[in-house]
Amino acid sequence: MQKLEVVGAYKLKGQVKISGSKNASLPILAATLLSNKRIILRNLPRVRDIETMVYLLESLGSKTKFHGNSLTINNSNQFKKFASYNLVKTMRAGILVLGPLLAKFGSAKVSLPGGCAIGTRPVDIHLKALSKLGVKYKISQGYIHATAPKGLKGNKIFFSKISVGATENLIIAASLAKGTTILSNCAIEPEIKDLVNFLNKIGCKINWLSRRKIKIIGVEQVQGAKYSIMFDRIEAGTYLIAAAATESNLKIQSINPTIIKTEINILKRIGAKIKISKNEVKIIGSKKIKNTKIKTAPYPGFPTDLQAQMMVLLCKANKKSEIKEEIFENRFMHVSELNRMGAKISINGNKAVINGKVDFKAAELMATDLRASVSLILAALNAKGKSIINRIYHLDRGYEKIEKKFQKIGAKIKRIN
Ligand code: UD1
């Protein structure tokens, strides 16, 4: 099994080009199922979750071909409606094919996503909302068996809780429903706006009515298109935090800084110097990091996907900090590993209290989920000596060329067997 060897503590320097967004690519890939025309997606990150989604599309009959970061998709003979456990178990976003399959064929059998280290992650909000469009479903032997006997029909839907995936599934499904759908209390993550832009480009009729309200007028069929995926704001945030945590100077490139305003403001507040230009952010890490209180929240709040990375940075603060995890109930798996490296973090329910002035010590470590894994890299970059990170297959799910990007900015990091 592959591991990462990280030798710290060295400063980082240079530029990082941010890849296309994994979390924008996944729903857009699922949405390509709506079309029978050729679609070309550009700026896809070559990470394992994207490969898994592409396998899933192929298992449903799509023909696909990668050229670097571009993917050509042709669905003219696509006819299968079955998403197997083997493909959905490793990646919860597999549930996103349910909406498009129901919209296109009126029935689908999709595996329930497997258990997940960061929480129970149910799909009840997806199913309840789809039933409002006329979907009948039953769950048996780990599969959702769903049909829309009279086809999907537009309706008014209020999401009881803000959910990124449920908002995406419903936008895609309602795009081919008869009549108009109004979705309220939607998630407004930038990746959802990217999905809407893509769908409108292939001929859907989707409008934002207000901040969390979307109107979708169903269309009978959609076209092909070429579309370029937005940048990965979580990857951008990870490298910004890496710079702040190692007192380094970095330029984070190929991004839209206005999308990551919340993260930039927090980094400024705790002491980093930041210069923003059109497609780039320059960060100068500071020796003095101020303590703070942060809670994760749906966009535009601070993202749960940067919580573990931010915790490493706050271990370097002058005093005690606090992070409240408001999205997932079990997303502190990195804490015990960070504490083994000398951090002093205690957990009380969904609140982590982080003592500052930590001098990280190198150690052999175990990665537990995607974002927790990268937080261990950040801590290891800070610790003098050699750290080994096991189970890095989690990292490969979502960070493109991670060790190459870190090597390019001077980190002593390599993959070993
Ligand atoms: C997406 C992101 C993930 C990010 C998360 C929150 C992708 C592929 N993944 O995940 O990286 O961490 O948003 O920003 O884009 N919930 C229910 N019932 C449901 C659906 C969700 O109770 O049917 C709960 C979840 O358990 C969680 C909360 O709602 O507590 C938010 O989850 P959701 O926004 O749906 O996250 P995902 O779409 O799975």
Side-chain angles (χ1 to χ4, degrees), residues 20-31 44-45 47-50 52-53 56 88 90-99 110 112-132 135 137 139 144 146 157-173 183 185-195 212 229-230 232-235 237-238 259-260 262-263 295-310 324-333 350 369-375 394-395 397-399:
S21 160
K22 165 180 90 69
N23 285 356
S25 302
L26 291 169
I28 289 175
L29 283 166
L44 284 168
V47 295
R48 226 193 38 250
D49 273 9
I50 299 303
T52 307
M53 184 56 103
L56 179 52
V88 180
T90 54
M91 184 195 59
R92 179 180 158 81
I95 189 71
L96 294 174
V97 301
L98 183 61
V110 175
L112 282 167
C116 176
I118 63 175
T120 50
R121 303 186 83 172
V123 290
D124 55 315
I125 302 171
H126 300 238
L127 294 174
K128 201 170 154 204
L130 284 169
S131 61
K132 289 224 157 178
V135 173
Y137 68 89
I139 291 173
I144 303 161
I157 295 168
F158 178 86
F159 292 108
S160 54
K161 182 174 184 183
I162 294 174
S163 159
V164 173
T167 303
E168 292 166 344
N169 231 336
L170 267 288
I171 292 173
I172 304 171
L183 302 176
N185 203 27
C186 294
I188 53 167
E189 268 59 8
E191 293 76 18
I192 292 179
K193 302 213 163 145
D194 213 32
L195 170 67
R212 292 199 182 269
I229 307 283
M230 67 174 284
D232 195 312
R233 67 189 165 101
I234 304 301
E235 190 195 19
T238 300
I259 286 181
I260 52 169
T262 303
E263 295 85 319
K295 62 174 187 200
T296 63
Y299 193 83
F302 184 78
T304 173
D305 289 353
L306 285 174
Q307 180 255 105
Q309 300 88 315
M310 186 53 90
K324 264 194 183 163
E325 173 53 61
E326 302 272 17
I327 309 287
F328 293 111
E329 73 266 30
N330 191 23
R331 207 172 196 179
F332 285 137
M333 312 267 287
N350 72 339
D369 72 63
L370 172 57
R371 308 302 171 184
S373 321
V374 86
S375 77
H394 291 290
L395 272 175
R397 282 188 43 215
Y399 282 93

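As the structure lists them, so they are numbered: ligands from 1, and atoms in each ligand from 1.
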Asker: Does any non-hydrogen side-chain atom of K161 lie less than 4.5 Å from one of N185?
Answerer: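 No, their side chains stay 4.5 Å or more apart.
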
Asker: Residues two or more places apart in sequence or in another chain: which of them pass salt bridge (Lys or Arg N to Asp or Glu O under 4.0 Å) with D194?
Answerer: none

Asker: For the 3.5 Å polar cut-off, considering only N or O atoms, please tell me whether I125 and ligand 1 meet it.
Answerer: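 Yes - when backbone and side-chain N and O of I125 are compared with those of ligand 1, one distance drops under 3.5 Å.
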
Asker: With a 4.5 Å cut-off on side-chain heavy atoms, are D49 and N23 touching?
Answerer: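 No, their side chains stay 4.5 Å or more apart.
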
Asker: Look only at interatomic distance and state if D124 has a nitrogen or oxygen under 3.5 Å from any nitrogen or oxygen of ligand 1.
Answerer: yes

Asker: Only counting residues at least two apart or in another chain, list the ones meeting salt bridge (Lys or Arg N to Asp or Glu O under 4.0 Å) with R233.
Answerer: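 Counting only residues at least two positions away or on another chain, R233 forms a salt bridge (Lys or Arg N to Asp or Glu O under 4.0 Å) with E191.
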
Asker: For Q309 and S375, does a side-chain donor sit closer than 3.5 Å to a side-chain acceptor?
Answerer: no

Asker: Does ligand 1 have a heavy atom under 4.0 Å from the side chain of E329, from its backbone, from both, or from neither?
Answerer: neither

Asker: Can D369 and H394 be counted as having a side-chain donor-acceptor contact under 3.5 angstrom?
Answerer: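 There is no such pair (donor and acceptor under 3.5 Å, judged by atom type) between the side chains of D369 and H394.
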
Asker: Mark up the atoms of ligand 1 that fall under 4.0 Å of a heavy atom belonging to R92, in ascending order.
Answerer: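 Contacts of ligand 1 toward R92, numbered from 1: 20 (C), 39 (O).
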
Asker: Can you name the nearest heavy-atom pair linking A372 to A308, along with the distance?
Answerer: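 Heavy atoms of A372 and A308 come nearest at CA-CB, 4.2 Å.
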
Asker: Within the supplied structure, the quantity of interest is the number of heavy atoms (other residues, nucleotides, ligands) at a distance under 6.0 Å from K295 NZ; does it exceed 12?
Answerer: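 Counting other residues, nucleotides and ligands, NZ of K295 stays at 12 neighbours or fewer.
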
Asker: If you measure only the distance, is there a donor-acceptor pair under 3.5 Å linking the side chains of R371 and Y399?
Answerer: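 Yes, a side-chain donor-acceptor pair sits under 3.5 Å.
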
Asker: Please list, in number order, the atoms of ligand 1 under 4.0 Å from a heavy atom of V123.
Answerer: 19 (C), 23 (O)

Asker: Looking at ligand 1, would A166 count as a contact under a 4.0 Å heavy-atom criterion?
Answerer: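 No.
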
Asker: Give the atom numbers and elements of ligand 1 that come within less than 4.0 Å of a heavy atom of T304.
Answerer: 6 (C), 12 (O), 14 (O)

Asker: Given S25, G94, P122, P27, which has its nearest heavy atom closest to atom 21 (C) of ligand 1?
Answerer: P122

Asker: Determine, considering heavy atoms only, which of I192, I162, D49, N23 sits nearest to atom 8 (C) of ligand 1.
Answerer: N23

Asker: In ligand 1, which numbered atoms sit nearer than 4.0 Å to a non-hydrogen atom of V164?
Answerer: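 Reading through ligand 1 atom by atom, the close ones are 1 (C), 13 (O), 33 (P), 34 (O), 35 (O), 38 (O).
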
Asker: Does R331 have a heavy atom less than 4.0 Å from any atom of ligand 1?
Answerer: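 In this structure, R331 qualifies as a contact of ligand 1 - some heavy atom is under 4.0 Å.
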
Asker: Pull out every atom of ligand 1 sitting under 4.0 Å from any heavy atom of G165, numbered as shown with elements.
Answerer: 35 (O), 38 (O)

Asker: Counting heavy atoms only, name the option from K161, R371, E326 that's nearest to atom 29 (O) of ligand 1.
Answerer: K161

Asker: Would you mind finding which of N169, T296, I327 brings a heavy atom closest to atom 31 (C) of ligand 1?
Answerer: I327

Asker: Are the side chains of R397 and V47 in touch, meaning some heavy atoms are under 4.5 Å apart?
Answerer: no

Asker: For E191, which part has a heavy atom under 4.0 Å from ligand 1: side chain, backbone, both, or neither?
Answerer: neither

